[in-house]
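Side-chain atoms are counted along with the backbone in the values below, which use heavy atoms only and exclude waters and symmetry mates. Count residues from 1 along the sequence.
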Amino acid sequence: MEQVKVIYWTQTGNTEMMAGAIAEGIKQAGKEAVLLEVGNCSVADLEQDSIFVLGCPAMGAEELEETEMEPFMAELESHLTGKKVALFGSYGWGDGQWMRDWAERIENAGASVIGGEGLIVNETPEDDGLTSCRNFGEKIASN
């Protein structure tokens, strides 16, 4: 069974909830989902994968978390050519600029962003947000 890694960073648990629901959707679509906190994943873990998922909430002035996710992304960028990457995260302010910037960064590194944009949920994902995450997981699994 093909597996899809869902790598995420969370501070309050919102992004972790999203990751779990995305993993459920991947499993519902018949693939194996592996949840990994970014601190427990290395770029080498993704080198053989053609598709994976990255999640991070908006931090500071709508940017990636700077102590774990940003260093991981900086290292990952040179290994993205030809990959398919899905992005997700939660935010509590702004308009989602961090996600647009992240998607552009992924594409500029030679990967394609599944769906052309990331999935964002405002604050704690409620039923509708979790349903969107499961649907997103199914979409990811179909790529």
- [ ] Using the side-chain contact (heavy atoms from CB on, under 4.5 Å) rule, take Leu76 and Phe52 through it: C-alpha gap first, then chi angles, then the decisive distance, then the call.
- [x] CA-CA 12 Å; Leu76 182 62; Phe52 51 86; 4.0 Å; yes

Residues 24-49 vs ring-ring contact (aromatic ring centres under 6.0 Å, His included), sequence neighbours excluded, gives none

Are Lys5 and Asp49 close enough for a salt bridge, meaning some N to O gap below 4.0 Å? yes

Residues at least two apart in sequence or cross-chain that pass ring-ring contact (aromatic ring centres under 6.0 Å, His included) with Trp98, listed by chain then number, are Tyr91

Hits for ring-ring contact (aromatic ring centres under 6.0 Å, His included) against Phe72, two or more places apart or cross-chain, chain-then-number order -> none

Margin query: Within the 4.5 Å heavy-atom criterion, are Met69 and Met59 side-chain neighbours or not?
Written below: no

Any Asn14 side-chain heavy atom under 4.5 Å of Pro125 side chain: yes

Taking distance alone, no hydrogens or angles, what donor-acceptor pairs closer than 3.5 Å link side-chain atoms of residues 102-111 to residues at least two apart or in another chain?
| unit_1 | atom_1 | unit_2 | atom_2 | d |
| --- | --- | --- | --- | --- |
| Arg105 | NE | Glu77 | OE1 | 3.3 |
| Arg105 | NE | Glu77 | OE2 | 3.1 |
| Arg105 | NH1 | Glu70 | OE1 | 2.8 |
| Arg105 | NH1 | Glu70 | OE2 | 3.3 |
| Arg105 | NH2 | Glu70 | OE2 | 2.8 |
| Arg105 | NH2 | Glu77 | OE1 | 3.0 |
| Asn108 | ND2 | Glu104 | O | 3.3 |

Please find the pair of heavy atoms, one from [X] and one from [Y], that lie closest to each other, and give the distance.
| X | Y | value |
| --- | --- | --- |
| Ser90 | Thr15 | OG-OG1, 3.5 Å |
| Gly96 | Ile120 | CA-CD1, 4.1 Å |
| Asn143 | Lys31 | O-NZ, 3.6 Å |

Ignoring hydrogens and angles, state whether a donor on the side chain of Glu65 or Thr67 is under 3.5 Å from an acceptor on the partner side chain. yes

The reported gap from CG in Leu54 to CG in Leu36 (rounded to nearest 0.5 angstrom) is 11.0 Å

When rounded to the nearest 0.5 Å, the distance separating CG of Leu80 from OG of Ser112 is 10.0 Å

Lys83 (side chain) donor-acceptor with Glu47 (main chain) under 3.5 angstrom:
yes

For the pair Gln97 (side chain) and Glu62 (backbone), establish whether a donor and an acceptor sit closer than 3.5 Å, ignoring hydrogens and angles. no

Please answer: with hydrophobic residues joined when any side-chain heavy atoms are less than 4.5 Å apart, are Leu64 and Val43 in the same cluster? yes

- Task: Answer yes if Met17 and Ile7 sit in the same cluster of Ile, Leu, Val, Met, Phe, Trp and Tyr residues linked by side chain heavy atoms under 4.5 Å apart, and no otherwise.
- Result: no

Besides Val121, the hydrophobic cluster formed by Ile, Leu, Val, Met, Phe, Trp and Tyr side chains linked at under 4.5 Å, directly or via other members, contains Val4, Val6, Tyr8, Met18, Ile22, Ile26, Leu35, Ile51, Val53, Phe88, Ile114, Leu119, Phe136, Ile140

For Glu117, the side-chain contact (heavy atoms from CB on, under 4.5 Å) test, sequence neighbours excluded, returns none

